[in-house]
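Per chain, numbering begins at 1; letters A, B, ... match sequence-line order.
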Number of protein chains: 2
Amino acid sequence: MHSFTEENYLKAIYKLQEANGLVVATSSLAQVLEVHAPSVTDMLKRMAGKKLVTYQKSKGVKLTEKGRQVAVGIIRNHRLWEVFLVDKLGYKWDEVHDLAEQLEHIHSEDLTNKLDSFLGFPKADPHGDPIPDANGILPKSKAVLLSTFAEGDQGTFTGVTDHSATFLNYLDKTGFSLGDPIKVKGIEKYDQTYTLQLKGKKEVVVSFKVANSLLLSQ
Amino acid sequence: MHSFTEENYLKAIYKLQEANGLVVATSSLAQVLEVHAPSVTDMLKRMAGKKLVTYQKSKGVKLTEKGRQVAVGIIRNHRLWEVFLVDKLGYKWDEVHDLAEQLEHIHSEDLTNKLDSFLGFPKADPHGDPIPDANGILPKSKAVLLSTFAEGDQGTFTGVTDHSATFLNYLDKTGFSLGDPIKVKGIEKYDQTYTLQLKGKKEVVVSFKVANSLLLSQ
DNA sequence: TTAATAAATTAGGTTCGTCTAATTTATTTT
DNA sequence: AAAATAAATTAGACGAACCTAATTTATTAA
């Protein structure tokens with residue numbers, strides 16, 4: 001089995017690769033993992049020895065197929081446990097991340113699959129992030145940022161790109177709820193604020209920053 | 001927070017203290033934790049430094065109040081997760097120990113309490129072991145070993161002292177089930193075998209070893 | 001294209017939790 | 001009580017995962 005630390009590196013590399021391209025820099029990893037760069041260099045060497053990543057000195061790192069499998073497995077665990085915490089234990093969507101960070105490292109494929117079944121094979125976690133299936137296949141999302149919408153466009157709110165508790169709280173307070181329809185009533189040229197019509201005709205005005213963190217589908 | 005290793009030491013010390021008296025020997029710990037004696041000596045020094053145990057060189061170790069609190073908290077977690085695995089995910093009682101050994105180290109009092117509530121505040125785990133409450137109070141069990149019974153005595157099967165999967169499987173196969181009544185029909189003087197009447201009048205013969213691992217109440 | 005800056009690595013150290021081999025302390029047995 | 005055995009500790013090492021300070025390698029700017 002892999003250590004928690006290794007698994008956290010794998011997850012971080014996976015996410016950075018998804019977000020920013022093929023190869024991940026030492027400094028990016030150091031930043032997201034909150035360790036110093038030499039620790040990362042150290043760890044990457046060890047992980048390369050275990051064939052979890054391919055690492056070229058001063059050229060960055062990427063996952064091997066084996067590393068990718070492990071990373072996706074952890075993401076599957078994480079998102080399933082988030083669903084459990086929200087659906088079964090009554091946690092709010094802004095409270096579950098840290099707990100899921102612990103639970104994701106429980107090592108048992110069988111447990112993961114039984115949990116999946118218990119939860120009714122959910123397709124997405126409480127933030128709308130897709131849950132990889134038992135084969136490590138992660139459905140490609142077709143959601144787009146609200147910030148790409150024009151006046152009159154509409155869609156369904158299906159995800160966020162900012163997972164911070166403060167942002168999620170702001171959404172709650174303002175009346176955003178996953179699965180609800182959103183329509184763009186207007187976009188102010190001057191400061192790029194969006195006037196939106198939420199479910200129940202409620203109108204709200206949000207900044208570009210917010211529009212750029214909301215994912216809509218259809 | 002405490003490391004998993006520390007928590008496992010605390011749990012082991014607690015259990016040995018409960019079973020065999022006040023002070024726990026280095027060698028006993030080494031045996032149950034499956035490490036070598038010098039590792040234990042080392043660890044106990046560190047833990048004494050953290051006021052989790054009182055340790056006197058060559059004289060054994062015992063928990064401080066602080067250490068006891070942590071140990072009981074972990075046992076609470078362990079047993080609640082076992083209930084979850086059996087009641088909600090459909091695991092059998094002989095399959096849950098190793099998973100619960102992982103889950104018990106999730107650090108969140110709030111999660112533990114929400115889980116407790118979700119499970120309906122169970123009093124005992126799937127093996128009949130009592131679950132400490134949120135204040136770390138563990139109900140004193142009045143159950144006694146079947147091996148202390150005389151002919152004609154009867155009681156309710158409420159726990160085991162051997163938690164091994166092989167023993168639990170044997171019980172399943174032979175027709176023992178937690179909560180069922182058991183009556184002693186006879187005890188063979190020669191080899192101390194017990195003839196028992198189980199629920200539904202089924203008669204079975206078990207060895208002293210088995211009788212000495214079953215806990216009965218009332 | 002050289003100089004300045006930023007990124008990454010090497011070198012050397014630390015703590016945690018483990019090990020083996022050697023030694024000391026306790027407990028039994030004679 | 002002395003000798004033999006068993007239990008525990010000390011000494012010295014090691015790997016994992018981290019650190020700081022110094023150095024090297026890449027990248028960007030002049």
Peer 1: Considering only heavy atoms and no angle criterion, is a donor-acceptor pair shorter than 3.5 Å present between the side chain of A:D42 and the base of D:dC18?
Peer 2: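 For A:D42, whose side chain was compared with the base of D:dC18, there is a donor-acceptor pair (under 3.5 Å).
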Peer 1: Given C:dT9, D:dA17, C:dC19, identify the nucleotide with an atom nearest to the side chain of A:T5.
Peer 2: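 Ranking C:dT9, D:dA17, C:dC19 by closest atom to the A:T5 side chain puts D:dA17 first.
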Peer 1: Expressed in angstrom and rounded to an integer, what is the separation of A:E6 atom CD from D:dA16 atom P?
Peer 2: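 Atom CD in A:E6 sits about 9 Å away from atom P in D:dA16.
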Peer 1: Please determine whether a side-chain nitrogen or oxygen atom of B:R46 lies at a distance below 4.0 Å from atom OP1 or OP2 of C:dG17.
Peer 2: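 So the side chain of B:R46 is within the cut-off, an N or O lying under 4.0 Å from OP1 or OP2 of C:dG17.
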Peer 1: Assuming nearest nucleotide by heavy-atom distance, tell me which of A:Y9 and A:S58 is located more 5' along DNA chain D.
Peer 2: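 Taking each residue's closest nucleotide, the earlier one in sequence belongs to A:Y9.
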Peer 1: So, A:H105 versus A:N8: side-chain donor-acceptor pair below 3.5 Å or not?
Peer 2: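 Yes, A:N8 and A:H105 have a side-chain donor paired with an acceptor closer than 3.5 Å.
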Peer 1: For C:dT18 and B:H36 - does any side-chain N or O of the residue sit under 4.0 Å from the phosphate oxygens OP1/OP2?
Peer 2: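 Indeed not, no polar side-chain atom of B:H36 lies that close.
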Peer 1: Rounded to the Å, how far apart are B:M47 CE and C:dT15 P?
Peer 2: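 That distance rounds to 19 Å.
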Peer 1: Would you tell me if any nitrogen or oxygen in the side chain of A:K57 comes within less than 4.0 Å of OP1 or OP2 on C:dT10?
Peer 2: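 The answer is yes; a side-chain N or O of A:K57 sits under 4.0 Å from OP1 or OP2.
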Peer 1: Rounded to the Å, how far apart are B:K59 NZ and C:dA26 P?
Peer 2: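 In whole Å, C:dA26 P and B:K59 NZ are 6 Å from each other.
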Peer 1: Which one, D:dT10, D:dT9, C:dA8, comes nearest to the side chain of B:K45?
Peer 2: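 Among D:dT10, D:dT9, C:dA8, the one nearest the side chain of B:K45 is D:dT10.
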Peer 1: Can you tell me which nucleotide in C:dA8, C:dT18, D:dT10 comes closest to the side chain of B:P38?
Peer 2: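 Closest nucleotide among those given: D:dT10.
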Peer 1: Atom NZ in A:K50, atom NZ in A:K66: separation rounded to 0.5 Å?
Peer 2: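 Nearest 0.5 Å value for the NZ-NZ distance: 8.5 Å.
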Peer 1: If the plane angle is over 60° it's perpendicular, under 30° parallel, otherwise tilted; pick one for B:F157 and B:W93.
Peer 2: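 Aromatic pair B:F157/B:W93 classed perpendicular.
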Peer 1: From the list D:dT10, D:dC18, C:dC19, which nucleotide is the closest neighbour of the side chain of B:S39?
Peer 2: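 Looking only at heavy atoms from C-beta outward on B:S39, the closest nucleotide is C:dC19.
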Peer 1: What's the CD-P distance between A:Q56 and D:dA26, to the nearest Å?
Peer 2: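 After rounding, the gap between these two atoms is 11 Å.
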Peer 1: Would you kindly give the CD-to-P distance between A:E7 and D:dA17, to the nearest whole Å?
Peer 2: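 Rounding to the nearest Å, CD of A:E7 and P of D:dA17 are 11 Å apart.
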Peer 1: How close or far is atom C1' of D:dA7 from atom CG of B:L44, stated in whole angstroms?
Peer 2: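 After rounding, the reported distance stands at 14 Å.
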Peer 1: Under a 3.5 Å cutoff, is there a donor and acceptor pairing between the side chains of A:N113 and A:R76?
Peer 2: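 A donor-acceptor contact under 3.5 Å links the two side chains.
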Peer 1: Base, sugar-phosphate, or nothing for B:F4, non-hydrogen atoms under 4.0 angstrom?
Peer 2: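 Contact class for B:F4: none.
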Peer 1: Given 3.5 Å as the limit, does a donor-acceptor pair link the side chain of A:T64 with the main chain of A:L52, or not?
Peer 2: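 Present.
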Peer 1: A:T41 side chain: which of D:dC19, C:dA8, D:dA8 is closest?
Peer 2: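 The closest nucleotide is C:dA8.
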Peer 1: Roughly, in whole Å, what's the span from CG in A:L29 to P in C:dA7?
Peer 2: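 Spelled out: CG on A:L29 to P on C:dA7 is 14 Å.
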Peer 1: Side chain of A:M43 only, please: which of C:dA26, C:dT18, D:dA17 is the nearest?
Peer 2: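 So the nucleotide nearest the side chain must be D:dA17.
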Peer 1: State which of C:dT9, D:dA17, C:dA8 makes the closest approach to the side chain of A:S3.
Peer 2: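 Taking heavy atoms from C-beta onward, the closest nucleotide is D:dA17.
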